[in-house]
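Basis for what follows: all heavy atoms, side chains included, without hydrogens, waters or symmetry-related copies. Chain naming here is simple, since letters A, B, ... match the order of the sequence lines and numbering starts at 1 in each.
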Amino acid sequence: MMILKSKSKYDLESTLYSGQCFLWNPILSDNLQAHEIVLGGTRFRVQQLSDKIDAIYPLNITQNQSLILQNHLRVDDDLGYIYQSIESDKYLLSSFKKFEGLHLLRQDPWECLVTFICSSNNNMKRIKLMLNKLINSFDNTHTDSLGEYKTFPTPDQIIEAGEEHLRSLGFGYRAKYIFETSRIILYENIDLLKLRSQNYDDNLEQLTMFPGVGDKVANCVMLFSLDNLNAFPVDVWINRVLREIYLNDSKNKIADSRLRSHFQSYFGEYSGYINHYLFHSRRND
DNA sequence: ACTAGACCTCC
DNA sequence: GAGGTCTAG
């Protein structure tokens with residue numbers, strides 16, 4: 001076991017299951033609540049220990065593995081700095097207090113892209129189910145001291161399996177989107193990791209070129225995997241909370257992309273972090 | 001630029 | 001109806 005250093009208090013439960021990532025699994029380890037994920041081909045397990053994270057697997061975690069985990073968990077984020085950036089906002093203040101320690105994650109861009117293409121017109125439970133089916137339908141089996149585990153399929157594996165394979169897993173019309181997106185990535189030799197830390201506008205333009213990726217999905221991918229912390233996905237929940245709290249219950253029709261750019265200016269460089277607190281709060285009241 | 005309808009499947 | 005996107009007009 002090894003306590004991970006984090007700049008701020010860390011709330012694992014809120015962070016891992018707030019709807020930004022669907023690849024973490026709750027698991028019982030020594031009768032204690034733990035959480036498991038595969039990162040870069042390695043299986044990791046963590047659990048909450050007071051305000052910090054305890055990395056309990058791999059057992060003798062290497063320096064490099066520990067870096068992979070910390071990088072994914074964004075333990076260096078300074079939440080206090082983000083919290084104080086909007087001091088006068090009553091609703092946000094109570095959200096920060098209620099979910100103190102909620103972090104964004106830094107996910108793998110490819111896995112994140114597939115995840116949020118799946119999210120369209122869908123619910124969290126089924127998104128999770130679809131991703132599990134997808135992972136289990138390929139033979140990417142690895143073995144460690146805990147037993148077998150699987151890694152996420154690559155674009156070329158998805159192409160080889162075919163669009164019909166995805167349909168047979170229950171992906172519906174999203175099968176075509178994921179299949180075509182895989183083809184574009186492979187044939188145009190696109191390295192999604194290179195989009196990391198590129199500016200918001202360029203990434204938005206690049207990502208919305210993929211079929212099945214509109215403004216909302218692109219903003220999710222940018223926020224949850226590409227370090228564009230000013231990304232601001234507007235879904236039905238964010239739309240609700242913006243109207244209720246910030247637009248005086250306005251029922252005017254405003255396009256989500258216009259709401260998005262307006263509130264990006266309003267909330268500033270960490271609007272994406274604020275977005276996730278708004279989302280999580282609105283869903284949990 | 002902006003607005004309706006269709007779209008797969010499952011709870 | 002569900003954490004949207006695409007297409008037509």
Side-chain angles (χ1 to χ4, degrees), chain A residues 14-24 95 99 102 104-105 107 111-134 136-137 158 161-185 201 203-226 228 231-245 250-264 271-285:
Chain A
S14 307
T15 298
L16 305 186
Y17 307 113
S18 55
Q20 57 175 319
C21 182
F22 296 85
L23 300 175
W24 277 94
S95 305
F99 301 110
L102 168 63
L104 289 177
L105 294 169
Q107 301 179 51
E111 296 174 4
C112 193
L113 181 59
V114 173
T115 295
F116 286 95
I117 289 177
C118 288
S119 77
S120 85
N121 207 356
N122 212 342
N123 56 63
M124 289 181 46
K125 192 175 171 187
R126 184 152 86 106
I127 297 167
K128 174 82 182 147
L129 184 69
M130 286 164 67
L131 292 172
N132 282 342
K133 281 189 184 175
L134 180 66
N136 287 322
S137 73
I158 287 180
E163 181 183 330
E164 278 311 310
H165 174 68
L166 296 175
R167 283 203 175 257
S168 75
L169 296 177
F171 277 62
Y173 63 85
R174 304 167 199 81
K176 186 174 191 171
Y177 294 156
I178 291 171
F179 180 72
E180 295 298 338
T181 293
S182 301
R183 287 171 50 133
I184 294 172
I185 287 174
D201 291 323
N203 280 345
L204 180 63
E205 190 179 336
Q206 287 238 21
L207 289 171
T208 48
M209 286 177 55
F210 293 119
V213 180
D215 198 88
K216 190 271 177 181
V217 170
N219 273 272
C220 284
V221 175
M222 286 190 278
L223 182 58
F224 302 141
S225 76
L226 296 179
N228 294 124
F232 196 88
V234 176
D235 58 29
V236 292
W237 295 95
I238 289 292
N239 191 306
R240 270 172 214 160
V241 74
L242 292 180
R243 286 169 190 287
E244 291 166 0
I245 309 295
S250 161
K251 290 178 176 60
N252 295 336
K253 293 240 172 186
I254 309 170
D256 285 344
S257 62
R258 289 190 58 197
L259 280 181
R260 193 250 305 151
S261 57
H262 174 79
F263 282 96
Q264 280 178 310
S271 22
Y273 241 107
I274 292 168
N275 177 292
H276 201 57
Y277 276 87
L278 292 175
F279 176 76
H280 195 56
S281 300
R282 185 61 182 78
R283 281 186 59 93
N284 287 282
D285 67 15

Residues pairing under salt bridge (charged side-chain N to carboxylate O under 4.0 Å, His left out) where one sits in residues 168-179 of chain A, two or more places apart or in two chains, turn out to be none
DNA chain C: first to last nucleotide in contact with chain A (atom under 4.0 angstrom from a heavy atom), 5' to 3', is C/dA2 to C/dC6
Practice problem: Pick base, sugar-phosphate or nothing for A/Pro233, based on heavy-atom distances below 4.0 Å to the nucleic acid. | Solution: nothing
Contact class for A/Gly19 (heavy atom, under 4.0 Å): base, sugar-phosphate, or nothing? base
Taking only the C1' atom of each, what is the distance from B/dG5 to C/dG1 in whole angstrom? 16 Å
For C/dA8 and B/dC8, measure between their P atoms and round to the nearest Å. 15 Å
According to ring-ring contact (aromatic ring centres under 6.0 Å, His included), who are the partners of [X], at least two apart in sequence or on a separate chain?
X        : result
A/Phe171 : none
A/Tyr277 : A/Tyr83, A/Phe96
A/Phe224 : A/Phe116, A/His276

Whichever of A/Pro211 and A/Phe279 has the more 5' nearest nucleotide on DNA chain C, that residue is A/Phe279
Assign each of A/Thr208 and A/Asn275 the nucleotide of DNA chain C bearing its closest heavy atom; nearer the 5' end lies the nucleotide of A/Asn275
Sequence neighbours excluded, which residues qualify as side-chain contact (heavy atoms from CB on, under 4.5 Å) partners of [X]?
X        : value
A/Arg283 : A/Met124, A/Trp237, A/Phe279
A/Asp285 : A/Tyr91, A/Arg282
A/Ser250 : A/Arg243, A/Leu247, A/Asn252

Q.
With heavy-atom distances below 4.5 Å as the criterion, would you say the side chains of A/Ile238 and A/Pro233 are in contact?
A. no
- prompt: Any side-chain heavy atom of A/Tyr177 within less than 4.5 Å of one from A/Val217?
  reply: no
For [X] and [N], what is the distance between atoms [atom1] and [atom2] respectively, to the nearest whole Å?
X        : N     : atom1 : atom2 : result
A/Ile254 : B/dT3 : CD1   : P     : 10 Å
A/Ile127 : B/dT9 : CD1   : C1'   : 13 Å
A/Asp215 : B/dA1 : CG    : P     : 14 Å

Check: Are A/Asp256 and A/Lys216 close enough for a salt bridge, meaning some N to O gap below 4.0 Å?
Finding: no
Distance check, rounded to the nearest 0.5 Å: [X] atom [atom1] versus [Y] atom [atom2]?
X        : Y        : atom1 : atom2 : value
A/Phe232 : A/His262 : CZ    : NE2   : 9.5 Å
A/Lys128 : A/Leu23  : NZ    : CG    : 6.5 Å
A/Phe263 : A/Ser271 : CZ    : OG    : 11.0 Å

Sorted by number, residues from residues 174-184 of chain A placing a heavy atom under 4.0 Å from DNA chain B are A/Arg174
The dot-bracket string of DNA chain B, counting Watson-Crick and G-U wobble pairs with both distances under 3.5 Å, using [ ] for crossing pairs and | for pairs to another strand, is .||||||.||.
What residues 114-126 of chain A contributes to the DNA chain C interface at heavy-atom separation below 4.0 Å is A/Ser119, A/Ser120, A/Asn121, A/Asn122, A/Asn123, A/Met124
Only pairs under 3.5 Å count here: list side-chain donor-acceptor contacts from residues 203-211 of chain A, not counting sequence neighbours, and write none if there are none.
| unit_1 | atom_1 | unit_2 | atom_2 | d |
| --- | --- | --- | --- | --- |
| A/Asn203 | OD1 | A/Gln198 | NE2 | 3.3 |
| A/Asn203 | ND2 | A/Leu195 | O | 2.9 |
| A/Asn203 | ND2 | A/Gln198 | O | 3.4 |
| A/Asn203 | ND2 | A/Asn228 | OD1 | 2.9 |
| A/Thr208 | OG1 | A/Leu204 | O | 2.7 |
| A/Thr208 | OG1 | A/Glu205 | O | 3.2 |

